[in-house]
There are 2 protein chains.
Amino acid sequence: MELLRRARELEAQGRDIVHMEIGEPDFTTAAPVVEAGVRALRKGYTHYLPAVGLPALREAIAEHYADRYGARIDPRRIFITPGASGALLLAMALVVNPGEEVLVADPGYPCNRNFIELVNGVPRGLPVSAVDGYQLTAEAVASAWGERTAAVLIGSPDNPTGVLASAARLQDLDAEVRRRQGMLIVDEIYHGLHYVADPASAVRHCRQALIINSFSKYYGMTGWRLGWLVAPCGYEAAVEKLLQNFFINASTPAQYAALACFTVQAREIFEQRRTAFRQRRDFLAPALCELGFRLPIVPDGAFYLYADCSALAADSNDLARLLLEEAGVAVTPGLDFERTAPHRHLRFAYTTSLPRLQEGVRRIAGYLGR
Amino acid sequence: MELLRRARELEAQGRDIVHMEIGEPDFTTAAPVVEAGVRALRKGYTHYLPAVGLPALREAIAEHYADRYGARIDPRRIFITPGASGALLLAMALVVNPGEEVLVADPGYPCNRNFIELVNGVPRGLPVSAVDGYQLTAEAVASAWGERTAAVLIGSPDNPTGVLASAARLQDLDAEVRRRQGMLIVDEIYHGLHYVADPASAVRHCRQALIINSFSKYYGMTGWRLGWLVAPCGYEAAVEKLLQNFFINASTPAQYAALACFTVQAREIFEQRRTAFRQRRDFLAPALCELGFRLPIVPDGAFYLYADCSALAADSNDLARLLLEEAGVAVTPGLDFERTAPHRHLRFAYTTSLPRLQEGVRRIAGYLGR
């Protein structure tokens, strides 16, 4: 955030900055979705909706799970939320009592800790690395589990690493957490942005999990603030009550607009964008390695590369600052994501065009004297 | 909620129900606001915004406070939130530590308790009645204040009573709470819907308060989920951090649309609607009294009448059920709002047209044999 502010400051002074720090697709919302939003507004769809969400949208998501993942999910288990942020808050309110622990991967999405702390839970980061595919394992969960552990939270694809959990990993985690009568929370907000065939999803491979998703990333609706939560059987009434109390409902125009995400026209646009992201990744990953960054795993999802910069600098914070000031390239230091080895890592987001990424790489090369 | 469900069930069976239970204006969003939303969408304003909100919207709210209330508020103290719900969550996260108490009026808005409990605070209801104008007094706060008390939360106009706090009441509460180094939280989401000249606002009469407001009620943007929080000096950085973590930002299209709320065209529509609400209140209050309900105070704000029905029934729950089943009129029982004397009270919302309110009164009269 500090760095983003400084980047904006430099731009205000006339400097050109290549943005590789932004966790938001550069694409605006697809035209079919925008037009669905416009139609909804003009029809006067501006009132409150049922707290659980628009029935047609819950059904569309259920169909999507059936079509794409072969998973049958009762629409009554799907709850529309104000962004994935709303779903994360619900998940924590549902399963964490004061003083209870939630196991998270380190590195991971930094806001997770704040949601856990909001309900006076205790986030406990478990280091992950290339050896375990940058994802928590059932073994790591088993050995960290204590009396006060209530839940395990993973992201797949994860932020900042971009890695996808395999079907086996999801199954093992699900079994381990069920055995301990805890709750597995799987954040799939980058799902859809994957560069392999048949990415595994918790909707298919977990028997009991709270699954979080979003219309922000693959569906390109960031500013609309719309997400969803899939709850296990038996949680329906509890989730509905929390939704009513904390949010009343997620944005009505956004829910009507989101219906268009499941049309053929919108899907085509999303897939073109996915191809663009893949091309960017396929350029950026080897280019960074050539510059001396290390990527033990080239990730298969999201739009991030979490690179080891220890061969280039003693402290990633200093490197991030220098890249911004000297080279005009904004990236995010590891300190924003982890406590294990923050000074070794930088996150590169490929949320800008290929020519801009090429320009960024040229500038970094120039700065490093390569 | 139970009652609303039953009302919908009866309607699905073909029954005609007069809705006097709904806490939402019957008007759709005003055309100038809808069209501003449409323009924003078509311009591609669908990305994230700064967590604190669109600068132009913060400034428009500050100008509104200057114009209408003669209060000078630095726009940097105004934070745009996902509905007043988002602002309530922020307020609780800001000021309540686990185990600390928040004093609230009983009766009051039921979700308040849940926001307090989300952060493991303890809501403590203090009975209010006609004697104190259905608002907490500085004296009541002083005598209830304990070691673990962190804050006082009032609504003005309040739900379900519709009463406005006077300037003197706000000043006294502000002074009392400051003296005790607590925080006063003033929920003004019904502000603008007042039927007296110059309603008092905490922005003018409190030196240190968290003030919550919304685009839902007066501005008619319920389903868009947009509100704001005014924070005291010194809280800016803390509020920004919480906003970033918990919400990322409030809906981008909604923020652009809301800019139009401060145009002359929109204001005219809002004022026409305010006149309509006033006419409804001026019909409904005496009509209910003629039927045997008691209204010790005819409130000057919001769109609710909180009526004592003890002369007509032993239990307001039974009466609400019977009015729905026998007379086809939906109202809300006191149980939803208070613990002191829930069985004596019913809330009537005048969020339906005058002819429908007249029909509702006819039906109640018929049921009561008047």
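All figures in this text were calculated on a predicted structure; none of them were measured in a lab. Here is how names work: the chains are called A, B, and so on, in the same order as the sequence lines, proteins then strands, and each is numbered from 1.
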Trainee: Before accepting this row, confirm whether a basic side-chain N of the pair B:Lys241/A:Glu117 lies closer than 4.0 Å to the acidic partner's carboxylate O.
Mentor: no
Trainee: Can you say whether B:Tyr256 sits under 4.5 Å from chain A via the side chain, the backbone, both, or neither, judging by heavy atoms?
Mentor: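 Neither; nothing under 4.5 Å.
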Trainee: Between chain A and each of B:Ala93, B:Gly83, B:Pro98, count heavy-atom pairs under 4.5 Å; write down the option with the most.
Mentor: B:Pro98
Trainee: Quick check on A:Ala257 against chain B: is it the side chain, the backbone, both or neither that has a heavy atom closer than 4.5 Å?
Mentor: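 Looking at A:Ala257, nothing touches chain B.
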Trainee: With a 4.5 angstrom heavy-atom cut-off, could you sort out which part of B:Arg5 is near chain A: side chain, backbone, both or neither?
Mentor: side chain
Trainee: Mind checking whether B:Asn97 and A:Asn120 have side chains closer than 4.5 Å, heavy atoms only?
Mentor: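 Counting from C-beta outward, B:Asn97 and A:Asn120 never come under 4.5 Å.
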Trainee: Could you state the interatomic distance from CG (A:Asn249) to OG (B:Ser85), rounded to the nearest 0.5 Å?
Mentor: 9.0 Å
Trainee: Which heavy atom in A:Phe246 sits nearest to a heavy atom in B:Asn114, and how many Å separate them?
Mentor: CE2-O, 3.5 Å
Trainee: I need the B:Leu41 CG to A:Leu41 CG distance, nearest 0.5 Å.
Mentor: 6.0 Å
Trainee: Among A:Val119, A:Leu89, A:Leu226, A:Val38, single out the residue with the greatest number of heavy-atom pairs under 4.5 Å to chain B.
Mentor: A:Val38
Trainee: What part of A:Gln244 gets within 4.5 angstrom of chain B, counting heavy atoms only: side chain, backbone, both, or neither?
Mentor: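 Both the backbone and the side chain of A:Gln244 come within 4.5 Å of chain B.
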Trainee: Dump the intermediate steps for side chain to side chain contact (heavy atoms under 4.5 Å, CB included) on B:Met221 and A:Thr46, then the final yes or no.
Mentor: CA-CA 7 Å; B:Met221 293 182 70; A:Thr46 61; over 6 Å; no
Trainee: Just so I know, are the side chains of A:Glu35 and B:Arg42 near enough to count as touching, which here means a heavy-atom distance under 4.5 Å?
Mentor: yes
Trainee: Compare all side-chain heavy atoms of A:Phe247 with those of B:Pro82 and state whether any distance is below 4.5 angstrom.
Mentor: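 Not in contact.
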Trainee: Which heavy atom of B:Gly223 sits nearest to which heavy atom of A:Pro253, and what is that distance?
Mentor: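 The answer is O-CD, 3.7 Å.
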Trainee: Look at A:Thr252, A:Ile22, A:Leu118 and state which one has the largest set of heavy-atom pairs under 4.5 Å with chain B.
Mentor: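 Ranked by heavy-atom pairs under 4.5 Å with chain B, first place is A:Leu118.
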Trainee: Tabulate, in ascending numerical order, the residues of residues 23-32 of chain B having at least one heavy atom closer than 4.5 Å to a heavy atom of chain A, or enter 'none'.
Mentor: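 The residues closer than 4.5 Å to chain A, in numerical order, are B:Gly23, B:Glu24, B:Pro25, B:Asp26, B:Phe27, B:Thr28, B:Thr29.
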Trainee: Quick one: list whatever passes side chain to side chain donor-acceptor pair (under 3.5 Å) with B:Arg267, sequence neighbours left out.
Mentor: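 Here the qualifying residues are B:Tyr218.
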